[in-house]
2 protein chains.
Amino acid sequence: MEILLKNELFKGLSLDDINKVIEEVEGIIKIFHKNEVIITPKEKIKVFGIVLSGSVMGVHNDYWGHRTILKILEENELFGEAFSFSQLDNTGISIVCNKEAKVLLINFEKLLEIDNRKIIQNMMMILASKNVFLTRKMEYLSKRSIKDKLLSYLSDEAMNNKSNKFYIPYNRQELADFLGVDRSALSSELSKLKAEGILNFNKNYFELL
Amino acid sequence: MEILLKNELFKGLSLDDINKVIEEVEGIIKIFHKNEVIITPKEKIKVFGIVLSGSVMGVHNDYWGHRTILKILEENELFGEAFSFSQLDNTGISIVCNKEAKVLLINFEKLLEIDNRKIIQNMMMILASKNVFLTRKMEYLSKRSIKDKLLSYLSDEAMNNKSNKFYIPYNRQELADFLGVDRSALSSELSKLKAEGILNFNKNYFELL
DNA sequence: CCATCCTTGTTGTAAATACAACTGTATTAT
DNA sequence: ATAATACAGTTGTATTTACAACAAGGATGG
């Protein structure tokens, strides 16, 4: 469980403290397989999760079967915390396993009860940076063309990776659902950008030129 | 300042407590006029704000002069809190006065220092519900057509107002910039929906049928 | 090793959108 | 009261996109 030492939620705590906290909040570890639903969109959630290995994704499926991917969540990322705090009966969002995942599930009410200022403050910081992420993503989505959506997303990724060469966690269909566009239109836009010498890519490896 | 008694941040505190807190965090009140910039996109912000009267908006202007409106913030809403916590040098977001506004500005570092569990917990809840709002908004933006973006936004507003008749805080250009679409295309889509008997509207008053 | 499934790119077409230009009507300022 | 400005709707056109159908590799599983 040394992974958790690097987790934002437990920043500043010792391994002993972390173990104590996890006991107090009734943390349990579960394993999920690809496409298994971890949280359904119609439940009032009492828990949030931490990805220990593998990956999961936040997904919204609308009436017409369109899928929107909010984000793919990888090692040490949290999911469901905002919705569990909000106490909504119906979130509209599913959490689905994307790649064989080990997940730590935590009861949020118990977390609020524990008397550890550091944890609460850490949680606040996590919520704040998720806010910043969502705001960033809205900037991509607000762009008027697929090309602009794609380039603003990719240049943000380059920034995050501090390199113009990087891997993204999405395949084509997932990237299309993440950016809210049609897959084939995205593919052809990618080909066009490659032909123009603006970028290079192979599968989920990208290079901005 | 009884407005603040209804504010989410001070929920559960008495008026005396609130006054004490505001002193501790060096809260100052400022007045802004329409189109005045309250927070510029290139500064590292040390403060966040509470709208006491009037309204402000979170705005992103891109390289080509396209404006994206994140949200119009009205009485008792907070702005800038996520970005001030995140400590970014460059947020890319401006806060601009939308309608003659009185604003309470608070130093976020001082807020973190004060020893009041309730305030920190309230702030966490505020961040969580902003998260939920942003997630909702992503659902609108991910829709493939103007019609769907519009209808998902309007039906959410109807839900929030618990009525199929309601006012929105946006004029046409602002609504277009909020939904990331062209104003004239939005206008003609609205007319079409009115002709189809799906909705009725007059200026910023809407009725879902 | 073969069959099946999954992923990605391609193409054509119909539909939707952005953009620009213009009109009429409120709203504001002088 | 009048001019100036802001706002909302309309229309036409060029561009962009969604959608559907298909083909070529790759990966996967028995």
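Just so it is clear: chains get the letters A, B, ... in the order the sequence lines come, proteins before strands, and each one is counted from 1.
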Atom pair distance, as rounded to whole Å: [atom1] in [X] and [atom2] in [N]:
X	N	atom1	atom2	value
B/Tyr205	C/dA26	OH	C1'	20 Å
A/His33	D/dG29	NE2	P	13 Å
B/Leu175	D/dC7	CG	C1'	14 Å

- prompt: Around atom OH of B/Tyr205, are there more than 12 heavy atoms of other residues, nucleotides or ligands at under 6.0 Å?
  reply: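 Check passes, neighbour count above 12.
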
Is there a donor in the side chain of [X] and an acceptor in the side chain of [Y], or the other way round, less than 3.5 Å apart?
X	Y	result
A/Asn19	A/Glu23	no
A/Thr40	A/Glu43	yes
B/Asp182	B/Ser184	yes

task: Go along nucleotides 6-24 of chain C 5' to 3' and tag each nucleotide: B for a protein heavy atom under 4.0 Å from its base, S when only backbone or sugar atoms are that close, - otherwise.
output: -SBBB------SSBB----

- prompt: Hey, do the aromatic rings of B/Phe108 and B/Phe85 have their centres closer than 6.0 Å?
  reply: yes

